[in-house]
Each structure stands twice: as structure tokens, then as C-alpha cells.
J.: 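Sending over a structure as C-alpha cells; questions will come in a sec.
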Amino acid sequence: MKKTIDKLYETHNLDKDEFLYILKNFDTRSGEYLFEKSRQTALKHFGNSIYTRGLIEFTNYCKNNCYYCGISSSNLHAERYRLSADEILACCKTGYRLGYRTFVLQGGEDFFYSDDDIIDIIEKIKAGYSDCAVTLSIGERSHESYKRYFKAGADRYLLRHETSDEEHYKKLHPKSLSLSNRKQCLYNLKEIGFQVGTGFMIGSPYQTIENIAEDLIFIKEFSPEMVGMGPFIPHRDTIFADEPAGSLELTLLLIGIVRLLLPSSLIPSTTALGTINSNGREKGILAGANVVMPNLSPVSVRKKYSLYDNKICTGEEAAECSNCLQNRMKSIGYKLVVDRGDYKASDRH
Ligand code: SAM
Ligand code: FES
């Protein structure tokens, strides 16, 4: 095991069999060995600074019906909401005061917001907060739309590939969605010039170790600037309500592996990780993550953006979340910094 981990550390790559070997044989001792290396790699690139992204969940309407997702169109119990441009700007104002220099606009695939609406929001944020980055996470749109968002000033785009296996993709999504379109969107975003984030859920229903090895190969090949990985957590109003959640250990292992695969990538320690374990986000940082994404959405809508059950931080004001996270990071020797936290291309391996 040590030999394979050393190879990953030195060459930033492995073949499928080697990934499978690590995934199948990983234990506490090899964990200590791998996490020491992934943590040191993150420290080398970012020191003990943790970048923050203020997450604004601006709509929970969605035209899609991803089987795992609590805000999918088929969930008739979801209480739907949309934020106006002014409400979004108010979130940015609070976030800026708290030291956030990246705002992530995330939502379901909600075509109520036309391209012109999205552009108007991007331009207003950029006009008010010229030293901030804008990240979009609004799903699959046309090449033309992505190009217009980029031209309007959006800097980054998060679009998890969810799984790189066609058959697995079909088990998680209805026929209207395809892995090939998802990947095409990712390639379009990259070609346009966005800093792009992809990723997948750990422990999603029907996921096999083989699928995960393929996900790692795709991630290495695509070489995104950001990689989002969190455990799948069931939502009571979905067909996967009774499926088990993904495990903390496997999620941490994958953060560690991806840190060694793409040493300078931006990897969040996700809210989902903090939901399955009360110290999940701290553990994620110690496994090699370097980003946190505190919630900036108005408290009145937070519970409504319910992707999965028991999501944390849905009752707190933004300032409370910010303080809480700063204290959590301090407790493990890290600090939240006031910084856009851009990807540094010069560091790319
Ligand atoms: N609509 C956009 C998209 O599809 O990219 C962004 C919003 S979507 C809710 C953001 C991410 O939430 C998805 O990429 C998925 O990986 C994650 N997610 C959805 N349901 C989840 C669940 N039950 N457990 C954990 N993560 C989930
Ligand atoms: Fe669209 Fe989840 S199904 S955001």
C-alpha cells in the first residue's frame, strides 16, 4: 500500500488497478500515511489558509428530477422560493462585511431566470464588489449562455459530473438527462475560460468501487480547477429515501487521493461532510481540503433548500456560521482568510 501511495504522491497519477487497490485495501494505518502526504501537499500550496465561498442558494425551483435530490421537480412537498436580484445583492453585502470575496450563486435548473436576468445579477455583483469572484452553479445550459455569463464577469462554474459511468448515470437520473451532455457542458465551460469545478457524491445508490476508480480517472484527465466531493445523504421525499448515506471514511480517502492527483486544486470540505459527522469539515481539511462554503442565503429560505435530510447550518445567521467556522478551523490550526482564492495556474501539475 505504501508503495502505491508513494507513487501517487510522486507522479500525481495512478492507473485503474492501482486506484482499485487503494480503495479496496485502505485501513487506518494506510490512512495515516496517505493523509499525512495529502495534508502536507495542501499546506505546501495554501499554508494554513482556508478559502471561503459565500453560498447563495437563490432558487430551489428545478426542471429536473435527479432521483437523489430533495429539490427535484417531482418533490411536491418542497416549498419553492426564488430570490430577487436585490435579495441576492443583500446577501453579498452581508458576505462582503464578513470577509467573503467569492460568491457562489447556486440553484436548481430554473429557467424562470433568463440569461439576461443571470447576466444582470452577475453585472450588479461585479459592479458593487469588483474585488470579488462570482461562481455559478446553475446546471446545464447552452455554450452560448455560458459564454454570455463569462463575458458578463462570472469567473468560475461548478458542475459535478456526478458519475463517469453511463449505466450508473442512468440509475441516478431520468432519461431527459445524459452523461454526455453533462460532460459536454464541462468541456464548453473550460474552453470558454471559466475556472471549472466538477466532482461527485460518495456512496450514491448503485455506486461501485469501479465507478469511483473511473471517476478518479475522469477527474485527472479533465483536470478541473476545483473538485467537489461530499457524501450522498438520503432525502425523505425521494425514491432513495431508504438508501444508506455515503461514509465519512471513504469521503476523506477520496479528498486525500484527489489532493495528491491534482495538488493545487481547490477542494471544499463540504456541508454534507459536516452533516454526516459533527467534525466532518475539520476532518476534510485535515485530509487535504482547503475551501469551505458557508451559507449566505437568508435564514428564511435555508430550510427550503433541502437537498438531503438534516442539513446543518440552516438555522443560523450568516455571521454565526462565519464565526463558528473560524473557530472550528482555529481548533485544528487553520484560519479562514479574506481572499478571492483563485486557482493558481502556475502551480498546475
Ligand atoms: N442544479 C445545479 C447542478 O445540478 O449542478 C446545482 C445544484 S445541485 C443541488 C448541487 C449538487 O448537490 C449536485 O451536483 C449533487 O452532487 C448535490 N446533491 C444533490 N442531492 C444530494 C444528496 N441527496 N446528497 C448529497 N449531495 C446531493
Ligand atoms: Fe435540479 Fe437537484 S434535481 S437541483
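The figures here come from the full heavy-atom set of this structure, side chains too, leaving out hydrogens, waters and symmetry mates. Counting convention: from 1, in listed order, for ligands and their atoms alike.
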J.: Tell me which protein heavy atom sits closest to atom 10 (C) of ligand 1, plus the residue, atom name and distance to 0.1 Å.
T.: Gln106 NE2, 3.9 Å
J.: Looking at CG of Asp131 and CZ of Arg101, how far apart are the two atoms once the value is rounded to the nearest 0.5 Å?
T.: 5.5 Å
J.: Answer whether the closest heavy-atom distance between the side chains of Arg53 and Val291 falls below 4.5 Å.
T.: yes
J.: Do Glu243 and Phe232 come close enough that some side-chain heavy atom pair is under 4.5 Å?
T.: yes
J.: Would you say the side chain of Lys7 lies within less than 4.5 Å of the side chain of Glu10, judging by non-hydrogen atoms?
T.: no
J.: Please determine whether any non-hydrogen atom of Glu243 lies less than 4.0 Å from an atom of ligand 1.
T.: no
J.: Could you tell me which atoms of ligand 1, counted from 1 in the order shown, lie closer than 4.0 angstrom to a heavy atom of Cys69?
T.: 20 (N)
J.: Less than 4.5 Å apart, side chain to side chain, heavy atoms only: is that true for Thr208 and Tyr206?
T.: no
J.: Report yes or no: does Tyr67 have a heavy atom closer than 4.0 Å to ligand 1?
T.: no
J.: Any heavy-atom pair between the side chains of Pro294 and Leu98 that's under 4.5 Å?
T.: no
J.: What protein heavy atom sits nearest atom 22 (C) of ligand 1, and how far away is it?
T.: Ile233 O, 3.5 Å
J.: State whether the shortest distance between N or O atoms of Arg160 and N or O atoms of ligand 1 falls below 3.5 angstrom.
T.: yes
J.: Looking at atom 20 (N) of ligand 1, tell me if a protein heavy atom falls under 4.0 Å from it.
T.: yes
J.: Under 3.5 Å between any N/O of Gly70 and any N/O of ligand 1: does that happen in this structure?
T.: no
J.: Are any of the side-chain heavy atoms of Asp116 and Arg148 separated by less than 4.5 Å?
T.: yes
J.: Tell me whether His235 has any N or O atom under 3.5 angstrom from an N or O of ligand 1.
T.: no
J.: With heavy atoms of Glu162 as the reference, note each atom of ligand 1 found under 4.0 Å away.
T.: 13 (C), 14 (O), 15 (C), 16 (O)
J.: Should you measure from each heavy atom of Arg182, which atoms of ligand 1 turn up under 4.0 Å away?
T.: 3 (C), 4 (O), 5 (O)
J.: Can you pull out the closest protein heavy atom to atom 9 (C) of ligand 1? Residue, atom name and distance to 0.1 Å, please.
T.: Leu307 CD2, 3.4 Å
J.: Flag the pair Tyr96 / Tyr129 as yes when their ring centroid distance falls below 6.0 Å, and as no otherwise.
T.: yes
J.: Indicate, as side chain, backbone, both or neither, the part of Pro231 found under 4.0 angstrom from ligand 1 when only non-hydrogen atoms are considered.
T.: backbone
J.: Same cluster for Phe222 and Ile255 if Ile/Leu/Val/Met/Phe/Trp/Tyr side chains link at under 4.5 Å?
T.: yes
J.: Any chance NZ of Lys16 has more than 12 other-residue heavy atoms, nucleotides or ligands included, within less than 6.0 Å?
T.: yes
J.: When you look for heavy atoms under 4.0 Å from ligand 1, do you find them on the side chain of Ser137, its backbone, both, or neither?
T.: both
J.: Do the non-hydrogen side-chain atoms of Thr271 and Tyr308 ever get within less than 4.5 Å of each other?
T.: yes
J.: Report the nearest protein non-hydrogen atom to atom 27 (C) of ligand 1: residue, atom name, distance rounded to 0.1 Å.
T.: Met201 SD, 3.5 Å
J.: Near Asn25 CG, under 6.0 Å, is it more than 12 heavy atoms from other residues, nucleotides or ligands?
T.: yes
J.: Report yes or no: does a heavy atom of Cys62 sit under 4.0 Å from some atom of ligand 1?
T.: no
J.: Could you work out, for atom 7 (C) of ligand 1, the closest of Gly228, Gly230, Gly107, Gly139 by heavy-atom distance?
T.: Gly107
J.: Specify the protein heavy atom at minimum distance from atom 8 (S) of ligand 1: its residue, its atom name, and the distance to 0.1 Å.
T.: Tyr305 OH, 4.6 Å
J.: Answer with yes or no after comparing the ring centroid distance for Tyr61 and Phe111 against a 6.0 Å cut-off, counting only values under it.
T.: no
J.: Considering only heavy atoms, which protein residues lie less than 4.0 Å from any atom of ligand 2?
T.: Cys62, Asn64, Cys66, Cys69, Ile71, Ser72, Gly108
J.: Main chain of His161, side chain of Thr198: is a donor-acceptor contact present, judged purely on distance under 3.5 Å?
T.: yes
J.: Near Phe232, which atoms of ligand 1 are under 4.0 Å from a heavy atom of that residue?
T.: 23 (N), 24 (N), 25 (C)
J.: Does Tyr51 reach the side chain of Val337, with side-chain heavy atoms less than 4.5 Å apart?
T.: yes
